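Worksheet: one structure, shown below.
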Amino acid sequence: MAHTLTRAFYSRPPDAVARDLLGKILERRLRGQRLSGRIVEVEAYFGRDDPAAHSAAGKTARNAVLFGPPGHAYVYFIYGMHSCVNVSCEPEGQAGCVLLRALEPLTGLETMARLRGLSASASSRMLASGPGRLCQALGIVRATHNGLDLIDPESQLQIRDDGFRPESIKATPRIGIRKAVEHPHRFLIEGNAFVSKAL
DNA sequence: GGAATGATAGTCT
DNA sequence: GACTATCATTCCG
């Protein structure tokens with residue numbers, strides 16, 4: 001049986017959480033519908049000694065969730081048109097998060113295609129392979145989802161473990177950042193067709 | 001198949 | 001006023 005991940009799962013360093021999130025199921029409840037997908041690509045961002053992280057310059061109104069308790073959604077708006085979802089890590093008071101970059105869609109594909117503005121016959125690879133696409137496919141926006149508790153069983157957004165274990169995990173440098181480019185903090189399920197960029 | 005480019009708005013200095 | 005944890009489109013080969 002699939003079960004929701006515990007607070008303790010998230011109360012760890014971002015790289016450990018990131019690796020363990022691969023293969024888990026992200027579930028979004030939307031007006032009675034259930035949209036879900038398997039997490040196939042993530043990136044770890046550290047609170048300390050990570051110039052690429054939003055929390056690098058300290059706590060601000062925008063990134064306050066990162067300094068709160070673990071297991072909460074951090075949603076931000078970027079490039080004037082895209083949203084991205086993160087999961088907060090580390091105990092309360094310490095920043096750190098995991099960016100969800102790509103899903104392998106499992107249920108609710110038609111709704112995802114509609115939210116993305118694609119035809120129902122579009123390739124499922126186009127639905128949630130990329131952080132901006134993922135948010136659009138699940139209808140995630142900062143105004144309603146930033147700060148959501150992922151452990152709460154009533155929450156619109158949850159992450160579950162159905163026992164799936166990836167065969168092989170690959171670490172690569174993170175994408176789209178200007179600073180600390182060299183660290184291999186991007187993790188993906190090797191060979192999975194739904195990662196945002198072929199490697 | 002890959003590189004270059006423009007759209008667009010919230011956040012911080 | 002600059003910068004950005006992106007995407008889709010347009011070009012070129």
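Just so it is clear, the structure is predicted and the values come from calculations on it, not from any experiment. Only this structure's heavy atoms are used, side chains among them; waters, hydrogens and symmetry mates stay out.
- Within residues 61-71 of chain A, no residue is approached by DNA chain C to less than 4.0 Å at the level of any non-hydrogen atom.
- One can place CD1 of A:Ile175 at 16 Å from C1' of C:dT4, the figure rounded to the nearest angstrom.
- In this structure, the CG atom of A:Leu134 is 14 Å from the C1' atom of C:dC7, given to the nearest Å.
- Using a 5.5 Å limit on the distance between ring centres and a 30° limit on the angle between planes, the aromatic ring of A:Tyr45 counts as stacked on the six-membered base ring of C:dA5.
- A:His54 has its NE2 atom 11 Å from the C1' atom of C:dC3, to the nearest Å.
- A distance of 10.0 Å separates CZ in A:Arg101 from CG in A:Leu134, rounded to the nearest 0.5 Å.
- Between the CZ atom of A:Arg174 and the C1' atom of C:dT6 there is a distance of 17 Å, rounded to whole Å.
- Note: A:Leu148 CG to A:Gln156 CD = 6.0 Å, rounded to the nearest 0.5 Å.
- Heavy atoms of A:Cys97 sit under 4.0 angstrom from at least one base atom.
- Around CZ of A:Arg160, the count of heavy atoms belonging to other residues, nucleotides or ligands within 6.0 Å exceeds 12.
- Near DNA chain B, meaning a heavy atom under 4.0 Å away, there are no residues from residues 105-129 of chain A.
- Across all their heavy atoms, A:Val40 and A:Val195 have their closest contact at O-CG1, 3.9 Å.
- Consecutive Watson-Crick or G-U pairing (both distances under 3.5 Å) extending over three or more pairs maps onto DNA chain C as B:1-7 with C:6-12, B:9-12 with C:1-4.
- The interatomic distance linking A:Tyr79 (OH) with C:dA8 (P) rounds to 14 Å, in whole Å.
- Around CD of A:Glu167, the count of heavy atoms belonging to other residues, nucleotides or ligands within 6.0 Å does not exceed 12.
- Put simply, the side chain of A:Tyr76 and the base of C:dA5 share a donor and an acceptor less than 3.5 Å apart.
- Between B:dC12, C:dT6, C:dA5, one nucleotide has an atom nearer to the side chain of A:His82 than all others, and that is C:dT6.
- A cation-pi arrangement is absent between A:Arg7 and A:Tyr10, since the terminal nitrogen or guanidinium carbon is not both under 6.0 Å from the aromatic centre and inside a 45° cone about the axis.
- Ranking C:dC7, C:dT6, B:dT11 by closeness to the A:Arg133 side chain, first place goes to C:dC7.
- Atom-to-atom, CG of A:Asn146 to C1' of B:dT11 comes out at 13 Å; the value is rounded to the nearest Å.
- Nearest heavy atoms, A:Ile140 versus A:His145: CA-ND1, 3.6 Å.
- The aromatic rings of A:Tyr74 and A:Tyr76 are tilted relative to each other, their planes meeting at an angle between 30° and 60°.
- Rounding to the nearest 0.5 Å places CG of A:Asn86 at 9.5 Å from CD of A:Glu43.
- The phosphate of C:dT6 (OP1 or OP2) has a side-chain N or O of A:Arg101 nearer than 4.0 angstrom.
- Side chain of A:Thr107 to backbone of A:Arg34: a donor-acceptor contact under 3.5 angstrom is found.
- Across all strands shown, A:Ala52 has heavy atoms under 4.0 Å from base atoms, whether or not it also approaches the sugar-phosphate.
- Relative to the side chain of A:Phe77, the nucleotides B:dG10, C:dA5, C:dC7 differ in distance, and B:dG10 lies closest.
- With hydrogens and angles ignored, the 3.5 Å screen pairs a side-chain donor or acceptor of A:Asn63 with a backbone N or O of A:Thr60.
- Residue contacts shown for A:Gly80 include a base, since a base heavy atom lies under 4.0 Å away.
- What separates CD1 of A:Ile78 from C1' of B:dA7 is a distance of 14 Å, to the nearest Å.
- Residues A:Arg142 and A:Met81 both approach DNA chain B. Their nearest nucleotides, taken by heavy-atom distance, put A:Met81 toward the 5′ side.
- Of the inter-residue distances, the one linking A:Ile159 atom CD1 with A:Ser36 atom OG reads 12.5 Å to the nearest 0.5 angstrom.
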